2 protein chains.
Amino acid sequence: MLLHDEPPDGGQKDKVTRKRRRRTSPRRVTMADVAKAAGVSAQTVSRTINNPDVVNEDVRLLVEDAIRRLNFVPNFAASQMATNRSRIIAVILPSLSASIFANTVQGLSSMLLPAGYQILLGHTHYSNEQEEAVVRSILGRGPEGIVIIGTTHTPNARQLLQISGLPVVETWEWTRDPVDLLVGYSNEGAAVEMVRHLYAKGYRRLVFSGVVEAGDARGQSRLRGFQAETARLGLDASRIHLLEGCDLSLKTGGASVDAIRSRYPDADAIFYSSDIFAAGAVQQCRKLGLRVPEDLAIAGFGGFDIAEILIPSLTTIRIPSRQIGELAGRLLLSKLTKVAVEAPHIRVDYTLVPGEST
Amino acid sequence: MLLHDEPPDGGQKDKVTRKRRRRTSPRRVTMADVAKAAGVSAQTVSRTINNPDVVNEDVRLLVEDAIRRLNFVPNFAASQMATNRSRIIAVILPSLSASIFANTVQGLSSMLLPAGYQILLGHTHYSNEQEEAVVRSILGRGPEGIVIIGTTHTPNARQLLQISGLPVVETWEWTRDPVDLLVGYSNEGAAVEMVRHLYAKGYRRLVFSGVVEAGDARGQSRLRGFQAETARLGLDASRIHLLEGCDLSLKTGGASVDAIRSRYPDADAIFYSSDIFAAGAVQQCRKLGLRVPEDLAIAGFGGFDIAEILIPSLTTIRIPSRQIGELAGRLLLSKLTKVAVEAPHIRVDYTLVPGEST
DNA sequence: TTGTACGCGTTATCAG
DNA sequence: CTGATAACGCGTACAA
């Protein structure tokens, strides 16, 4: 037992360097344990799990019984090391609050779970810097695909995504230059449509209001659409009230009404970048005794339930949130199973839903 | 150039077993690559990343530069193998739609991301069988903690959670017998409170309506609370209209009004298990020309934005969804850092929010 | 059909 | 402070 360990050759190999380490934790049940319990080799256990057809019926039953008795759960990390497949799809989104993207995740999940994939979540909190960090740490997990909200990333993040060689689905925006796959729509076009609607309804002194932060390119696109179309129609395109550093809440929307009315007293319509703000604004108008839409028209964006039940019901743009997730999932599955992807860039339809508020 | 590399000792071993395998994929950059590029050992690269203080300033800079140049991203799976730490927290929830739990996930994430954990999502689609499968596959990832919605699981799922030895936080319900940690409230108690409110307001012919499926124990608890309290108050406790197989939507809520009125023509108040249903019902009443609350009172559950902006505003029970997530995250962090957990079972407060609808 | 021997990329351990 | 080496648990390749 004395240690003259490590006679590198000569005595060959020799024991002694053994017992090098006994990893701390109370070690989980492994395939080897199951194998021993079933009286077979670890390899047979592996086959029983991944390729049951090639093992003998009786051996299989033996192994399956051992698995159950020992409560064996295969270690995916080890499996990932061996196969280089993680069965993980990563979703990178700004935030899960306010449920804007919750349905997208749900749709995605409904496509991917049955295929055996799990979903790893990454929050950027609407910050591009965070996004880069999140992308980096997510790549470390070796996901087999990535779904990301938006098409606007830091150069580094974009490069990381690109060189990863993974299927990447950008969503909720449209671009001529996607990293890889795309399921989106034009926020600018949607905003243009809303401006036209307001114009057609007779409104001429339009105000745009919303969160347009660095990390929220979708808000920026909507703003650009507003500016472009109001200008084209010969209206004042400069009436913009940004809500920076505010959270996406009814309260924020309500407060904005006062600010906007003092800044643009003659405004006859406000176009909000989100239904949440718009709903808060409608509520505030009621408190102020302003009639909607006679005294002030209000439009939102998103197509949430809230738009429908509001009184007056809210004019909004409906985005097929869940469908975006489903399509993204389908694209990924095609790519992952080497099926030729017919259309790598899918444009989903937004719908202007006229309400009583305009 | 012929390959007689690796003559491990005498002639023994003999080659031949070499070139055993060249894993398919275009192999990613590894620590060894970085090490070579920086002219150090892989171990030093590892230290530079995980324990920068112990490496020489100049060596560190050298390594960091190589990391950047090669765009090296450490492989978490390998790290997990070596350390037995995954830096993953799993969240198991029924569904992300309708945003009920989205804020909980958000709150959890806000606590855990800064601590370097990532979030793995598992959807059960409101089915206990699914839950067990999800638990199993999630355990395979070796998460360091689990947050799960609900306290009602299949015996197997419960056992899996228990023997995993991981910190497990059950949420959104209350129980005397949690698996481990708990952040919840009594759905039954909340329903009782709502019944009392309705009673105090003078309503006597109450109807309970909601989704009470096998996998949704929270709905069941609310129902039990309704039954218990109506009975205690000497009211008819049998007026129950279940919405099975329906999705959580305004439409479902609206349709229920007609069904309920034909089944219980004299009903004077409906208590819905969700604000979504209640909002749909209010909308439907308006269409039918029913006055709320004079002809029919309506109450919801959840405390969503929708309750506040509805006209009439909705009486509801507000659940601190985000706070539940934050508290769960805090509990996990305490456990994971071995800090003594002062209170492993945290009761959060629900609030009855009186509205104009009752 | 089953078993044996690597090797995946990282970190813990121990020797310099 | 740095380097060499042995695990971690599984799947692939090949031999039996």
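Note that the coordinates shown come from a computational prediction; the quantities given were computed from them, not determined experimentally. Below, read A as the first sequence line, B as the second, and so on, with proteins coming before strands; counting in each chain starts at 1.
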Undergrad: Among the candidates D/dT2, D/dG11, C/dG9, find the nucleotide nearest to the side-chain atoms of A/Ala82.
TA: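 The closest nucleotide is D/dG11.
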
Undergrad: With a 4.0 Å limit, can you tell me whether A/Ser41 has a side-chain N or O closer than that to the phosphate oxygens OP1/OP2 of C/dG3?
TA: yes

Undergrad: If I take atom CZ in residue B/Arg85 and atom P in nucleotide D/dG9, what distance separates them, rounded to the nearest angstrom?
TA: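 Going from B/Arg85 (CZ) to D/dG9 (P), I get 17 Å.
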
Undergrad: Go through the N and O atoms of the side chain of A/Gln43 and the base of D/dT12, and report whether any donor-acceptor pair is under 3.5 Å.
TA: yes

Undergrad: Show your working on side chain to side chain contact (heavy atoms under 4.5 Å, CB included) between A/Val73 and A/Ile67 and close with a plain yes or no.
TA: CA-CA 8 Å; A/Val73 178; A/Ile67 289 179; over 6 Å; no

Undergrad: Side-chain donor or acceptor of B/Arg47 under 3.5 Å from a matching atom on the base of D/dG3?
TA: yes

Undergrad: If you check every side-chain atom of A/Ser46, which of D/dG3, D/dG11, C/dG3 has the closest atom?
TA: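 From the listed options, D/dG11 comes nearest.
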
Undergrad: I need the CD1-P distance between A/Ile67 and D/dC10, as an integer number of Å.
TA: 10 Å

Undergrad: On DNA chain D, compare the nucleotides closest to A/Asn50 and B/Val40; which residue's is nearer the 5' end?
TA: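 Going by which nucleotide is closer to the 5' end, it is B/Val40.
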
Undergrad: Nearest to the A/Met81 side chain among C/dG9, C/dG3, C/dT11, which nucleotide is it?
TA: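 Nearest listed nucleotide: C/dG9.
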
Undergrad: Both A/Ala42 and B/Met31 contact DNA chain C. Which one's nearest nucleotide lies toward the 5' end?
TA: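 The residue mapped nearer the 5' terminus is A/Ala42.
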
Undergrad: Without decimals, in angstroms, what is the distance between B/Arg28 CZ and C/dG9 P?
TA: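 After rounding, the reported distance stands at 9 Å.
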
Undergrad: For the side chain of A/Asn56, starting at C-beta, report the closest nucleotide among C/dT1, D/dC10, C/dG9.
TA: C/dT1

Undergrad: Using atom CG of A/Asn84 as one end and atom P of C/dT10 as the other, report the distance to the nearest whole Å.
TA: 12 Å

Undergrad: Side chains of B/Thr104 and B/Trp172: do they bring a donor and an acceptor to under 3.5 Å?
TA: yes

Undergrad: So how far is it from B/Leu332 CG to B/Leu112 CG, rounded to the nearest 0.5 Å?
TA: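 Rounded to the nearest 0.5 Å, the CG-CG separation comes to 6.0 Å.
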
Undergrad: Output yes when at least one side-chain N/O atom of B/Thr44 is less than 4.0 Å from OP1 or OP2 of D/dC1, else no.
TA: no

Undergrad: Under 3.5 Å, is there a donor on one side chain and an acceptor on the other for B/Glu131 and B/His153?
TA: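 Judged by distance alone, the side chains do pair up.
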
Undergrad: To the nearest Å, how far apart are A/Lys36 NZ and C/dG3 C1'?
TA: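 Going from A/Lys36 (NZ) to C/dG3 (C1'), I get 16 Å.
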
Undergrad: Would you kindly give the CG-to-C1' distance between B/Asp33 and C/dC8, to the nearest whole Å?
TA: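 The distance from CG of B/Asp33 to C1' of C/dC8 comes to 13 Å, rounded to the nearest Å.
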
Undergrad: Just compare D/dT2, C/dT10, D/dG9 and give me whichever is closest to any side-chain atom of B/Asn75.
TA: C/dT10

Undergrad: Whole Å only: how far is the CZ atom of B/Arg141 from the P atom of D/dC10?
TA: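 It works out to 13 Å between those atoms.
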
Undergrad: What is the separation between atom CG on B/Asp58 and atom P on D/dC1, rounded to the nearest whole Å?
TA: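 Going from CG in B/Asp58 over to P in D/dC1 covers 11 Å.
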
Undergrad: Can you tell whether the side chains of B/Arg330 and B/Glu326 come within less than 4.0 Å, N to carboxylate O?
TA: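 Salt bridge flag = no for B/Glu326 with B/Arg330.
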
Undergrad: Using only side-chain N and O atoms of B/Thr30, determine if any of them is under 4.0 Å from OP1 or OP2 of C/dT10.
TA: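 True: B/Thr30 side-chain N/O within range (under 4.0 Å) of C/dT10 OP1/OP2.
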
